[in-house]
Peer 1: 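My questions all concern the structure below.
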Amino acid sequence: MSRANTFHAQLHPLGYRSRAWTTRQYTGFGTPEETNQRFKLMISHGQTGLNVAFDLPTQMGYDRMTLWSWRVGRVGMAVDCLRDFETAFKTSR
């Protein structure tokens with residue numbers, strides 16, 4: 001196998017020779033409202049990519065009213081429904 005073809009599959013035609021790497025921040029905590037405030041703060045400071053951190057009950061497929069309720073929002077954003085995503089990603093225009 002030729003080394004010239006080793007890394008031919010790229011997102012951009014010239015790879016990252018024509019544009020800077022996208023640096024993403026992994027964040028999210030508490031409620032969708034709190035996560036939204038954090039997203040806005042990070043974007044105002046120049047962040048260009050965001051990845052959402054979910055709390056353990058959300059990752060396990062549970063809602064807030066379970067035996068896992070003591071873990072809700074502790075290490076990530078709590079999500080129970082589509083409205084939670086809409087709230088977290090709502091922009092102020």
Side-chain angles (χ1 to χ4, degrees):
M1 175 191 253
S2 168
R3 288 186 61 76
N5 294 327
T6 306
F7 300 102
H8 70 281
Q10 301 175 45
L11 180 61
H12 308 292
L14 296 176
Y16 288 101
R17 293 176 298 198
S18 64
R19 60 185 293 155
W21 286 89
T22 300
T23 304
R24 295 189 170 273
Q25 181 68 43
Y26 182 66
T27 189
F29 59 92
T31 65
E33 292 82 10
E34 292 170 318
T35 298
N36 179 269
Q37 291 173 358
R38 179 69 177 166
F39 285 168
K40 289 178 181 178
L41 175 71
M42 295 176 77
I43 290 168
S44 74
H45 284 89
Q47 187 64 44
T48 58
L50 299 170
N51 289 347
V52 182
F54 297 106
D55 65 357
L56 187 58
T58 299
Q59 292 179 40
M60 299 294 291
Y62 299 123
D63 64 19
R64 297 174 197 187
M65 307 309 290
T66 66
L67 295 174
W68 288 82
S69 62
W70 63 278
R71 298 288 302 179
V72 171
R74 297 189 81 185
V75 295
M77 180 177 76
V79 176
D80 290 327
C81 62
L82 179 59
R83 184 168 300 211
D84 291 338
F85 279 106
E86 293 170 345
T87 301
F89 290 100
K90 183 178 180 181
T91 59
S92 59
R93 294 180 190 211

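What you are looking at is a predicted structure, and each value in this text was computed from that prediction instead of being measured.
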Peer 1: Hey, any chance L50 and F89 share a hydrophobic cluster, counting ILVMFWY side chains that come within less than 4.5 Å of each other, even indirectly?
Peer 2: yes
Peer 1: Drop me the distance from Q25's CD to H45's NE2, to the nearest 0.5 angstrom.
Peer 2: 12.5 Å
Peer 1: So do the side chains of F39 and T27 get within less than 4.5 Å of each other, counting heavy atoms only?
Peer 2: yes
Peer 1: Hey, can you tell me if F85 and F54 have their rings parallel, tilted or perpendicular (30° and 60° cut-offs)?
Peer 2: perpendicular
Peer 1: Evaluate side-chain hydrogen bond (donor to acceptor under 3.5 Å, both in side chains) for D84 paired with T87, printing each intermediate quantity in order.
Peer 2: CA-CA 5 Å; D84 291 338; T87 301; 5.4 Å; no
Peer 1: Can M77 be reached from L41 by stepping across I, L, V, M, F, W or Y side chains whose heavy atoms are under 4.5 Å apart?
Peer 2: no
Peer 1: Just by modelled atom types, is the G49 backbone N or O under 3.5 Å from a matching donor or acceptor in the Q47 side chain?
Peer 2: yes
Peer 1: Could you tell me the separation between the OG1 atom of T48 and the CE atom of M42, rounded to the nearest 0.5 Å?
Peer 2: 10.0 Å
Peer 1: So which of K40, E34, E33 actually passes side chain to side chain donor-acceptor pair (under 3.5 Å) with N36?
Peer 2: K40
